[in-house]
Amino acid sequence: MSKFYIEALDFQEPEVVEKSFKTLLEQPIDTVEELEVWLKQQSELYDVIEEAMSGHYIEFQCSSNSKEAKRMFEHDQRVIDPLFKKYISLLDEKFLELKVKDQLNPSFYKQLIKSKMNAREIFRTENIELEVKEDSLSTNYFEITGALTVQWEEKELTISELAPYIQDPDRKTRKKAVTLISEAILSKETILQQIMDELIVIRHQKAKNAGLANYRDYMFKKYERFDYSPQDCQQLADSIRKYVKPLKEKLQKEHMAELKIEQYKPWDLQAVPNGQKPLQPFSTTEELIQHSTTILHNLDPRFGELLTTMSKRGMLDLNSRKGKSPGGFCSPLPLSQLSFIFMNASKTHDDMITLLHEMGHCIHNDLMRKQPISDYRETPMESAELASMSMELLTMDQWSLFYKDEQDLKRAQKEHLKGIINFLPQGMVIDQFQHWIYENPNHTASERNKKYQELMIELDSEVVDWSGSKKWQQASWLRVLHIFEVPFYYIEYVIAQLGAVQMYKQFRENPKGALENYKQALSLGSSKSLPEVYEEAGIHFDFSESMIKDLMKFVEAELELL
């Protein structure tokens, strides 16, 4: 893999890295002007560290079977990241103790001070070593899942490469594909459950060290969820159960009738009816990039330019292959002033959506570049995912570039809107599952599986017939990498999806105004609160029962129009 990132410091010489931190820590600060210069210098150093650490992380994800990539990544986990965390805390402490900070412009620095005070409240030196162990377990998860392959017609395929077969109109074919995927995951269940057991112990201890009742409360503070509470998440789950679950069940029954089947099995969920083929918007990744670039350019020339530049500079790894971690992500590279997109394409409609989604993150990173403080470029995930999920919807009227046939285009647009309805209950299952895990840290693996199944029944569709496949249902959470790597990162998708539907509604009424609002809101980064960012976007940070009811009516009406 060619070098796509900048290494301004040699991480193999940690004493040199530490010297850079010590210089900042020992720097005298007597005036507000000196403080602002110091904050910018701190941001520059953080950018240097983040660029190289992100580069090493990306290389490991792209080649999780590479000994050298693993060595560099694990060196960062064991040596550089603990050093980074230690000095972030010391620098935050220095900042908070400075009396001159009270002379900073309150309208600009309010969020920064609030963030640093919150970080001080939960930081504990003893948690750094626990996080090294935690990161090591997450790495193990990726190595195991990244190595999973199955035999398909004398070919060895990754789990991601089976995606097209799940949609096959032939029921035997899609049943075989789903069976192979589910059994491949179950073959690793024991070790993955052990990893989860160890993660729970570590994470509960981190919360205890910080003087908090459980890891859920710890992560709410860690993620700076200042604008909503665990109780709000429960209320959101109840509202989605009330207004989204029935709509999802209605759509699944219609799908069932289309398929002409009497039982709706797990392998029928994404199936296309006989006489149709699974949507295939592109044949090659070059075509995927080309059409996506045109679409983005039509929205804003800068958007298209970003994708073109990233492609030229080797900042895209889109194809699925053995030894590559599952999933997809966009990672900012602050020194390069670009981003890297990682995904596992298998020529499906979802792949097209994934690239547009990740480009939303890339555009967000680009719009924040002018924020002078790196802290303000570390956005809450509720606004980060608003950027990406909105991009999916804002491009929808241009998908004719991928779908020349009018019927295929309408199918694609309908599938996407249905996908929103399908996702919301799933998102709440995963969120509420994690609440339960960490509020009840002494549970067993068996109880964990049972709870996941209970939540699926309570919050998600009950149209699906899981008889004979109960074990698949119970263990399906093992494929959700967020639970292992970035715990509690899932409710953001739900909140942002509700925001993105609002953005789409606004875009349908006033495309130019909605796009300007989108760009202005994202340029704020985390310099403003989430409600303020959403307000700047022309929407509401609101996931009340009435809002969800109205949005579901809007989506249903859009489906009827198609």
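No experiment lies behind these values; they were computed from the predicted model shown.
Applying the side-chain hydrogen bond (donor to acceptor under 3.5 Å, both in side chains) test to pairs two or more places apart or on separate chains, those with a residue in residues 412-430 are E392-H416. Here salt bridge (charged side-chain N to carboxylate O under 4.0 Å, His left out) pairs that include residues 431-445, with residues two or more places apart or in two chains, are R216-E439. Within the structure, the side-chain hydrogen bond (donor to acceptor under 3.5 Å, both in side chains) test picks out the following pairs touching residues 178-188 (sequence neighbours left out): E183-W472. Residues in residues 297-326 take part in no ring-ring contact (aromatic ring centres under 6.0 Å, His included) pair, two or more places apart or across chains. Sorted by first and then second residue, the salt bridge (charged side-chain N to carboxylate O under 4.0 Å, His left out) pairs involving residues 397-408 (not counting sequence neighbours) are D408-R411. Annotation: ring-ring contact (aromatic ring centres under 6.0 Å, His included) contacts involving residues 149-195, sequence neighbours excluded, comprise W152-Y165.
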If you apply the rule side chain to side chain donor-acceptor pair (under 3.5 Å), what do you find for T348 with D351, and how did you get there? CA-CA 5 Å; T348 66; D351 297 329; 3.2 Å; yes

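With sequence neighbours excluded, no residue forms a salt bridge (charged side-chain N to carboxylate O under 4.0 Å, His left out) with E254. Take P169 and apply the side-chain contact (heavy atoms from CB on, under 4.5 Å) test, not counting sequence neighbours, and it matches V272, N274, P278. Evaluation of the side chain to side chain donor-acceptor pair (under 3.5 Å) rule for Y489 yields E385 as partners, not counting sequence neighbours. Every residue was checked against the salt bridge (charged side-chain N to carboxylate O under 4.0 Å, His left out) condition with E286, not counting sequence neighbours, and none meets it. Judged as a salt bridge (charged side-chain N to carboxylate O under 4.0 Å, His left out), and not counting sequence neighbours, the contacts of E558 are R508. Scanning for salt bridge (charged side-chain N to carboxylate O under 4.0 Å, His left out) contacts around E131 gives K85, K206, with sequence neighbours left out.
In this structure, F488 has its ring center at least 6.0 angstrom away from the ring center of Y223. A centroid separation of less than 6.0 Å is found between the aromatic rings of F329 and Y57.
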